[in-house]
Every structure is written in structure tokens, then in C-alpha cells.
Amino acid sequence: MAQSLKKNSVKPIEILSFHTLSELDLKKIHNQLTIEICKGEVQWIQNGNRYPGFFGVRVLLWNIKFFRFFVWILYLPLVPFLGMFALYVLKKIRIRLS
């Protein structure tokens, strides 16, 4: 999946797993990152800004060639609330399954 995202990205992206990084390495990437934060949800760092969860997925999809034509839907009013709720539910299900 990660290789497919990299291949189809409009701009070069780097996908990192927090499992391979120390707390100090995370702080070097962005001063707000911790292992606990990374365990909770996707983190997208771009131009010094951190986009967590739904907002990170939204920015990621904006950078992927095919999805770029449809991602504007995620910017419509009230859609962020639905997206945050959906990711919250997925996070809870994932925690119960592991």
C-alpha cells in the first residue's frame, strides 16, 4: 500500500512507521509528535504543519493522482465531522481486534 501511494503521488512523499523511530526521532520530525500520538492516528507532516487523523488522510489523498479529482468532497461542510467520526470508530475497532 505504501509503495502504491508513493508511486501515485503528485509530489514525492516519505512514509515512515513510528514503530521504527524513537521518541527523539519523532521530535526531530515535528515537535508535537510522540509515540502515543502516533499510536492513535495517522499523522501527516507538510511544510512544518501537522495534520492528524482525518485531516492527514485528506491532505494525503489530495497528493495522490487519481483521488485528487474526488477529494474535494472531503472539504464540504460537515464532512470533516463524519470523517473524524468514521476514523474514531475504525480506531476503536482496531484496538479491540489487536
Side-chain angles (χ1 to χ4, degrees):
M1 176 78 151
Q3 294 304 322
S4 175
L5 290 174
K6 286 182 178 182
K7 187 176 101 178
N8 293 311
S9 177
V10 174
K11 298 176 186 175
I13 61 173
E14 183 178 1
I15 298 174
L16 301 173
S17 171
F18 76 93
H19 297 288
T20 61
L21 301 172
S22 69
E23 193 87 27
L24 184 61
D25 293 333
L26 289 173
K27 292 286 182 194
K28 288 178 185 175
I29 295 170
H30 193 276
N31 63 353
Q32 295 176 344
L33 286 180
T34 65
I35 290 176
E36 287 303 311
I37 287 175
C38 292
K39 280 182 184 178
E41 56 193 358
V42 171
Q43 302 293 317
W44 182 267
I45 310 296
Q46 182 174 319
N47 300 329
N49 296 316
R50 181 175 73 94
Y51 301 93
F54 169 78
F55 303 102
V57 171
R58 189 168 69 173
V59 174
L60 169 65
L61 292 177
W62 183 255
N63 287 306
I64 305 301
K65 292 175 188 170
F66 176 75
F67 292 105
R68 191 167 215 176
F69 299 107
F70 305 102
V71 78
W72 61 268
I73 294 168
L74 299 178
Y75 288 85
L76 292 174
L78 301 179
V79 172
F81 295 110
L82 297 172
M84 289 185 298
F85 177 73
L87 286 181
Y88 174 79
V89 170
L90 288 173
K91 181 170 118 176
K92 291 299 180 185
I93 291 171
R94 185 189 74 201
I95 290 171
R96 288 185 188 155
L97 293 177
S98 54

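Each residue takes its place number in the sequence, starting with 1. Every value quoted in this text rests on a predicted model; they were computed, and no experiment measured them.
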Do V59 and N49 pass the side-chain contact (heavy atoms from CB on, under 4.5 Å) test, and can you show the C-alpha distance, the side-chain angles, and the key distance before you say yes or no? CA-CA 11 Å; V59 174; N49 296 316; over 6 Å; no
Can any side-chain N or O of H30 pair as donor or acceptor with the backbone N or O of G48 at less than 3.5 Å? yes
Please list all pairs meeting salt bridge (charged side-chain N to carboxylate O under 4.0 Å, His left out) that have one or both residues in residues 37-46, counting only residues at least two apart or in different chains. E36-K39
Show the nearest heavy-atom pair for residues L5 and I64, with the distance to one decimal. O-CD1, 3.5 Å
Please say yes or no: joined through hydrophobic side-chain contacts below 4.5 Å, possibly via intermediate residues, are I37 and V42 part of one cluster? no
Closest heavy-atom pair, I15 versus A2, reported as atoms and distance to 0.1 Å, is CD1-O, 3.6 Å
Contacts under 3.5 angstrom, residues 82-92 side chains, donor-acceptor by atom type, not counting sequence neighbours:
none

Transitive ILVMFWY side-chain link I73 to L60, under 4.5 Å: yes
Selection residues 2-11 - residue pairs positive for salt bridge (charged side-chain N to carboxylate O under 4.0 Å, His left out), sequence neighbours left out: none
Restricting to side chain to side chain donor-acceptor pair (under 3.5 Å), what partner residues turn up for E23, sequence neighbours left out? none
Please give me the minimum heavy-atom distance between W44 and G56, naming the atom from each residue. CB-CA, 3.7 Å
Pair listing, ring-ring contact (aromatic ring centres under 6.0 Å, His included) test, anchored in residues 57-81, at least two apart: F66-F70
R68: side chain to side chain donor-acceptor pair (under 3.5 Å) partners, not counting sequence neighbours: none
With heavy-atom distances below 4.5 Å as the criterion, would you say the side chains of L74 and F54 are in contact? yes
Testing the basics here: between I35 and L21, what is the closest heavy-atom pair and its distance to 0.1 Å? CD1-O, 4.5 Å
Could you list the residues that satisfy side chain to side chain donor-acceptor pair (under 3.5 Å) with Q43, not counting sequence neighbours? R50
In terms of hydrophobic clusters joined by side-chain contacts under 4.5 Å, are F55 and L61 together? yes
Here the pair of heavy atoms bringing L26 nearest to L33 is O-CB, 3.7 Å
Does anything in residues 12-22 pair up under side-chain hydrogen bond (donor to acceptor under 3.5 Å, both in side chains), and if so which pairs, sequence neighbours excluded? S22-D25
Identify the heavy atoms of S9 and K65 that sit nearest to each other, and give their distance. O-CE, 4.0 Å
